[in-house]
Amino acid sequence: MPIPDKIAAANKINEFLRGVVANAGLRLKYRITVDPPLPEERDWERPEILVEFAGPDSALMLERGAELLRSIELLAIEMLRLSGNEHEKISFDCMNHRAMRIEELRMAASVAAEKVRKTGAPYKFAPMSSRERRIVHLALRDEADLRTESEGEGMRRCLVVYPKDSRSVSSAARRGIR
Amino acid sequence: MSEQSGDPKILLEHVTKALVDAPDQVSVSQIEEDGEIVLELTVAENDLGKVIGKSGRTARALRTLLSAAGIKAQKRYALEILE
């Protein structure tokens with residue numbers, strides 16, 4: 001479902017970020033784009049509002065897996081009161097970090113796929129956010145001999161790649177309880 | 001770009017007011033403790049969930065933002081959400 005009023009949402013984000021950047025003392029500029037054009041290889045991810053930061057404090061934004069960038073993004077999404085499946089309609093980026101991270105995840109996905117094919121054993125990724133797990137899920141969706149599943153809860157939730165016909169750990173555990 | 005100085009207390013108020021249903025009930029008090037500045041955040045009871053978030057995600061994001069503001073201000077900030 002698209003965001004009902006994108007212009008109003010973009011204005012709210014602008015007002016929110018103006019106060020955040022100024023009061024945090026961050027030396028950053030940002031640009032907000034509604035319905036941004038994106039390269040074709042990202043056709044499965046269509047943000048309706050793109051916020052791009054740049055400036056001397058970009059490095060601070062991108063430290064520790066872009067923790068500050070992700071935090072400001074999360075707070076903006078909470079501020080807009082978007083429902084869960086609308087979160088991906090908003091995308092915050094800084095110095096093209098997101099595009100590079102997507103490329104990284106897709107490469108990791110293909111390495112994992114090869115590993116699972118070669119060994120026949122499941123491959124478990126380190127814990128990732130729902131957005132990052134989605135990128136890996138989608139990167140492997142056309143691999144007919146594999147399937148992907150997310151396991152674990154909250155911050156520990158991670159993605160597992162399985163050979164198509166192998167039983168997943170979590171469903172086996174559930175069966176054990178019954 | 002000119003060098004700006006931020007104010008983490010106003011930052012916390014600004015962000016919290018945007019998150020909650022009752023912005024007029026948001027208050028932040030600042031206490032200095034052993035070289036660390038503790039920001040005590042009070043919100044309406046019904047808004048507690050909004051500042052804490054699903055498995056504490058929103059509170060964690062607030063702390064990350066405050067620590068970045070602290071780096072810029074060269075001071076250490078801690079957030080306490082009062083219940």
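Letters A, B, ... mirror the listed sequences (proteins, then strands); counts begin at 1. Values below: every heavy atom of this structure, side chains too, minus hydrogens, waters and symmetry copies.
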If you count heavy-atom pairs within less than 4.5 Å of chain B, which of Glu153(A), Glu78(A), Glu63(A) leads? Glu78(A)
Are Leu105(A) and Val116(A) grouped together when hydrophobic residues (ILVMFWY) are joined by side-chain heavy atoms under 4.5 angstrom apart? yes
Does anything in residues 74-83 of chain B pair up under salt bridge (charged side-chain N to carboxylate O under 4.0 Å, His left out), and if so which pairs, sequence neighbours excluded? Glu36(B)-Arg76(B)
Listed once per pair and sorted, the salt bridge (charged side-chain N to carboxylate O under 4.0 Å, His left out) pairs that draw on residues 9-24 of chain A, sequence neighbours left out: none
Toward chain B, the part of [X] with a non-hydrogen atom under 4.5 Å:
X         : answer
Leu68(A)  : both
Leu75(A)  : both
Arg70(A)  : neither
Met155(A) : side chain

Taking atom OH of Tyr30(A) and atom CG of Leu50(A), what is their separation to the nearest 0.5 Å? 14.0 Å
Roughly how far apart are Phe92(A) CZ and Leu17(A) CG, rounded to 0.5 Å? 5.0 Å
Give the interface residues of residues 9-23 of chain B toward chain A, defined by a heavy-atom separation under 4.5 Å. Ile10(B), Leu11(B), His14(B), Val15(B), Ala18(B), Leu19(B), Val20(B), Asp21(B)
Chain A neighbours within residues 39-69 of chain B, where any heavy atom lies under 4.5 Å away: Lys50(B), Arg57(B), Thr58(B), Arg60(B), Ala61(B), Leu62(B), Thr64(B), Leu65(B), Ala68(B), Ala69(B)
For the [atom1] atom on [X], are there more than 12 heavy atoms of other groups (residues, nucleotides or ligands in this structure) within a distance under 6.0 Å?
X         : atom1 : answer
Arg156(A) : CZ    : no
Met95(A)  : CE    : no
Arg31(A)  : CZ    : no

Give me the atom names and distance for the closest heavy-atom approach of Ile49(A) to Ala9(A). CD1-CB, 3.7 Å
Determine the sole option in Arg98(A), Lys89(A), Arg131(A) for which the salt bridge (charged side-chain N to carboxylate O under 4.0 Å, His left out) test with Glu73(A) is passed. Arg131(A)
Between Arg27(A) and Asp57(A), is there a donor-acceptor pair closer than 3.5 Å when you use the side chain of the first and the backbone of the second? no
What do the steps show when you test Met61(A) against His97(A) for side chain to side chain contact (heavy atoms under 4.5 Å, CB included), and what is the final call? CA-CA 10 Å; Met61(A) 287 289 260; His97(A) 170 267; over 6 Å; no
